[in-house]
Amino acid sequence: MSEDTHLEALRGEVRAWLDANAPKTWREDYKAMNHAEFADAQRTWFRTLVEGGYAAPHWPAGLALGSGRSLAEQKVIYEEMARADTPRLLLSFVSTYHAASTFLECGTEEQKARYLPAILQGETWCQGFSEPNAGSDLASLKCKAERQTRDGREVYVVNGQKVWSTMAQYADKCLLLVRTSSEGVKQAGITFLLMDMKAKGVTVRPIEQIQGDEEFCEMFLDEVEIPVTDRVGAENAGWAVSQATLSSERGLTLMELTYKMRGALARIAELIRKNGLEEDRGVLRDYGQLVTRCDEACAIADQFLQNRIDGIERVGDASVVKNTYSRVLREYSLLGTRLGGIDEQYRAPIVYGDLTTGNWMADFMNSYAWTIAGGSEEVQRNILSERMLEMPREPKNWVL
Amino acid sequence: MIERAELHDAAQKAFPADQLRPDRKASWDLIAEMGWLLLPLPEDAGGLGLGRDAAAAIHFELGKVLSTAPLLTALLTVQALAAADDLPDQAGWIERLTAGELVTVNLLPADLELTDSGSIRLSGTLPCTLDADLASHTLVVTGDLAVLVPLDGEGVALAERRLWDESRRLFDVTLTNHTVAPELVVARGAKVQTLVAHLESNLQLALAADSLGGATAALDMTVEYLKTRKQFDRPLAMFQSLKHRCADLKVQVSAAEALLWKRAADENASSVDFGALKARASDVYRIVAEEAIQLHGGIGLTEEHPINLFMKRAMLNLQLGGSLDTWRELAGRQALEQYAA
Ligand SMILES: Cc1cc2nc3c(=O)[nH]c(=O)nc-3n(C[C@H](O)[C@H](O)[C@H](O)COP(=O)(O)OP(=O)(O)OC[C@H]3O[C@@H](n4cnc5c(N)ncnc54)[C@H](O)[C@@H]3O)c2cc1C
């Protein structure tokens with residue numbers, strides 16, 4: 001079978017499967033749900049995807065049903081999901097991307113064997129990196145872990161606070177960055193731990209987001225015990241591990257998101273028609289430019305993934321992808337907000353997840369998540385200018 | 001199969017980055033010698049049978065040095081004539097064109113009047129005819145007819161329109177009751193539309209590649225300048241407000257370039273897709289050029305420093321082959337149709 005016919009066959013398979021299995025009325029359904037029901041609906045959709053073999057097409061071969069897909073195959077799958085307008089997996093996103101990438105790149109064989117299958121069985125992860133005083137300057141984090149022997153067990157005892165952890169209120173496990181040493185440079189004293197969210201001493205408090213959703217949380221950790229075996233990488237070597245997690249957040253995830261954004265351009269076409277603007281040249285131009293920008297975002301995400309597969313990823317590549325997507329998403333939701341008129345300014349019941357709320361103003365507000373989360377746009381600019389363009393670093397010559 | 005990377009390398013060696021606007025005649029000889037005119041021709045026409053991306057790679061590299069050679073026109077018309085089997089002496093034409101004879105073409109639509117009373121006569125003006133001073137003929141398309149017009153023929157007049165951008169030369173070609181020679185008919189009827197779509201796509205792709213090559217070079221030049229220029233006891237490149245602007249430009253150039261190579265390799269891309277690509281690429285070029293001049297300070301506004309040359313070419317590229325507004329609108333219409341179902 002030629003490559004093209006193979007892909008067309010896959011497309012047919014995915015389409016038929018989605019026709020039979022994708023939730024159809026989820027937009028309306030989600031709006032009527034409370035948080036617990038939302039979490040359940042997400043778990044159900046994830047389980048369906050796992051059974052269908054489409055939950056982790058980006059994982060290496062052999063790890064799950066439908067894993068080990070080529071770049072071209074992944075694209076087909078994401079394009080079809082966009083076409084079928086399936087809900088985004090907000091709840092299992094950190095699990096299948098961030099956590100999985102971390103285990104695959106830095107975990108022991110034991111950790112891979114234990115945690116990867118568990119993800120497919122529905123174990124959900126959140127990410128506990130940021131702290132109130134360690135956001136962009138993540139390496140200055142203070143949440144402290146001390147190694148102790150308690151009741152004959154080797155554990156880290158953790159004390160401190162984390163913030164902005166997406167979906168932590170529903171998570172079973174947490175990718176946790178802690179300080180284990182204050183010697184040497186800030187980055188050198190950080191350790192990467194795997195925390196059980198049900199462990200004694202973990203308190204989670206949801207925070208209301210700009211559009212009224214409780215999407216992220218703060219976490220208070222008080223004498224939380226984490227077995228030493230639940231550490232990824234060596235003690236004090238957690239910074240490098242966290243970079244694997246973040247690179248996945250900045251690059252890998254965006255293939256799915258850009259293709260979904262491309263597919264969702266149909267929603268703007270609907271707006272144009274609904275408003276009878278098919279012959280408005282100004283609107284057509286803005287729409288035409290947006291379409292090209294979406295294509296750009298897809299092209300750069302594709303290229304990133306291909307370079308990763310070919311082993312020629314360069315420092316800063318992921319930042320290019322992230323800063324492209326986040327800006328195009330802003331332009332996209334802004335055009336929707338503009339064309340939607342006053343209707344978009346009325347508060348509407350909202351649905352979790354960018355691009356999928358059905359309310360343009362909510363989508364617009366949510367687009368900021370992408371210019372802030374996972375390392376802000378400005379921090380990416382620092383990486384790009386200093387590491388990719390090799391411009392000199394700013395001198396650290398100030399005193400407080 | 002020659003890899004695209006090899007073409008980039010070869011072009012960089014032939015046209016080094018530090019020699020902007022290389023001599024027109026010498027460049028043209030070098031280009032013929034390198035065999036680049038054969039790149040897009042099918043193998044049975046004596047060419048190398050490479051895809052669109054091969055030609056784009058060369059245009060990208062020549063854009064970096066603000067090439068003055070008539071390669072854009074040459075590749076466009078040699079491809080058009082290779083696809084046009086109505087042309088009586090097609091093989092002879094291809095042979096002469098790949099050896100360095102030039103046929104040019106107008107890069108903006110012409111308003112022509114055609115009369116047919118046994119012999120076909122053409123009157124009107126062909127605007128934006130590139131490199132007409134070096135060409136023997138120009139390719140004229142009107143309605144369902146494509147013909148070659150000899151530039152020294154009867155009823156043909158050339159007038160150069162001096163440009164701000166001195167790396168390109170544009171002419172208005174005026175036809176006054178010019179009689180078309182039957183042996184110079186290139187295509188008739190439905191085939192003309194295929195020819196036009198092909199020409200249009202290749203033109204837009206070439207301009208997009210030229211734009212992003214130029215944007216890349218202008219950004220490199222700016223970053224280098226900021227690294228060496230000192231103010232306030234430190235290199236300017238150390239100031240975050242300037243670094244971030246360069247980073248933003250890098251993001252835009254990289255994303256547009258990713259789209260360029262993807263579209264160049266896409267067999268299903270329409271001429272509107274290529275036009276939209278050109279619109280975006282030339283706009284990115286414009287943005288980079290604007291920032292580049294600003295970031296160079298006073299020297300950026302002089303003729304002594306070459307950064308202004310990129311700005312002039314960027315602004316011209318925005319217009320050649322149709323404007324930003326035109327292509328954005330067409331792309332919008334196409335997308336509306338695509339989502340009609
Ligand atoms: C929707 C959302 C979800 C998130 N999910 C998670 C999660 O699941 N887990 C997690 O650990 N974290 C999460 N985060 C946190 C996120 O990583 C941080 O918010 C982010 O890194 C920025 O840190 P900060 O909020 O402390 O802002 P600050 O660091 O205080 O930055 C404030 C402003 O200053 C700018 N700035 C800061 N430093 C510099 C500099 N050196 N140069 C120039 N400008 C600078 C920033 O770009 C920003 O504009 C999430 C954030 C959001 C918005």
Side-chain angles (χ1 to χ4, degrees), chain A residues 4 263-270 272-273 277-304 306 316-317 319-328 377-378 380-395, chain B residues 219-220 222-224 226-227 233-263 266-267 269 272-273 275-281 283-284 324-341:
Chain A
D4 279 355
L265 281 168
R267 290 186 56 211
I268 299 209
E270 275 164 35
I272 293 177
R273 276 202 216 91
L277 296 170
E278 291 101 323
E279 286 306 320
D280 184 314
R281 299 173 78 177
V283 168
L284 286 169
R285 282 171 192 163
D286 290 344
Y287 187 45
Q289 187 187 12
L290 181 67
V291 172
T292 311
R293 290 281 282 152
C294 285
D295 285 343
E296 253 186 313
C298 291
I300 194 77
D302 277 9
Q303 193 186 69
F304 173 80
Q306 190 61 56
D317 282 351
S319 304
V320 173
V321 182
K322 183 173 188 280
N323 278 14
T324 303
Y325 174 72
S326 56
R327 278 295 151 175
V328 179
E377 184 170 67
E378 288 76 17
Q380 307 308 314
R381 286 178 177 140
N382 284 347
I383 295 173
L384 282 171
S385 54
E386 288 171 4
R387 314 266 321 262
M388 192 175 242
L389 299 176
E390 297 173 341
M391 298 170 94
R393 299 176 79 92
E394 285 196 274
Chain B
L219 178 56
D220 283 352
T222 306
V223 170
E224 277 321 302
L226 292 174
K227 283 183 192 169
D233 301 323
R234 51 163 101 161
L236 288 173
M238 208 175 258
F239 288 96
Q240 201 188 49
S241 66
L242 308 185
K243 286 199 286 198
H244 279 194
R245 285 160 72 176
C246 294
D248 283 349
L249 297 176
K250 182 71 185 170
V251 169
Q252 300 212 47
V253 174
S254 303
E257 202 191 323
L259 184 63
L260 168 74
W261 302 123
K262 186 172 174 178
R263 234 164 235 187
D266 180 358
E267 305 278 332
V272 172
D273 291 328
L277 170 70
K278 195 271 314 200
R280 176 64 188 154
D283 202 35
V284 168
L324 195 69
D325 287 337
T326 308
W327 287 115
R328 280 184 182 164
E329 184 183 331
L330 289 172
R333 282 185 197 281
Q334 179 179 273
L336 263 190
E337 262 167 46
Q338 186 192 332
Y339 291 116

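Below, all heavy atoms of this structure are taken into account, side chains as well, without hydrogens, waters or symmetry copies. In what follows, every chain begins at residue 1, and chains take the letters A, B, ... in the order their sequences are listed.
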If you tally heavy-atom pairs under 4.5 Å against chain A, which of B:Thr326, B:Val272, B:Leu259 wins? B:Leu259
Taking C-beta and beyond as the side chain, do B:Lys262 and A:Cys298 meet within less than 4.5 Å on heavy atoms? yes
Residue part contacting chain B, namely of A:Arg327, when any heavy atom lies under 4.5 Å: neither
A:Asp317, part contacting chain B, at a heavy-atom distance under 4.5 Å: neither
State, with a plain yes or no, whether a side-chain heavy atom of B:Lys227 is found less than 4.5 Å away from one of B:Pro235. no
Which bit of A:Ile272 is near chain B, if near means a heavy-atom gap under 4.5 Å: side chain, backbone, both or neither? side chain
Around A:Arg387, counting heavy atoms of other residues, nucleotides and ligands shown, do more than 12 lie under 6.0 Å from its CZ? no
Between B:Ala279, B:Ala258, B:Ala335, which residue shows the highest count of heavy-atom pairs closer than 4.5 Å to chain A? B:Ala258
A:Leu265 vs B:Gln338 side-chain heavy atoms within contact, under 4.5 Å: no
Please check if the side chain of B:Arg263 supplies one atom and the backbone of B:Asp273 the other of a donor-acceptor pair under 3.5 Å. yes
Given A:Ile268, A:Val328, A:Leu290, A:Val320, the one with more heavy-atom pairs under 4.5 angstrom with chain B than any other is A:Val320
Among the options B:Ala331, B:Ser254, B:Ala255, pick out the one with the most heavy-atom pairs lying under 4.5 Å from chain A. B:Ala255
Atom group of A:Glu390 that falls short of 4.5 Å from chain B, counting heavy atoms: both
As an exercise: rank B:Asp220, B:Val223, B:Leu330, B:Asp325 by heavy-atom pairs under 4.5 Å with chain A and give me the winner. B:Asp325
Quick one, B:Arg280 and B:Gln252 - any side-chain contact, counting heavy atoms below 4.5 Å? yes
Under 4.5 Å to a heavy atom of chain B? For A:Glu270 that would be neither
Between A:Asn382 and B:His244, is there a side-chain heavy-atom distance shorter than 4.5 Å? yes
Identify which part of A:Gln303 has an atom lying under 4.5 Å from any heavy atom of chain B, answering side chain, backbone, both or neither. side chain
When you check the gap from the basic side-chain N to the acidic O, do B:Arg333 and A:Glu279 get nearer than 4.0 Å? yes
The interface call for B:Arg245 against chain A, heavy-atom contacts under 4.5 Å, is neither
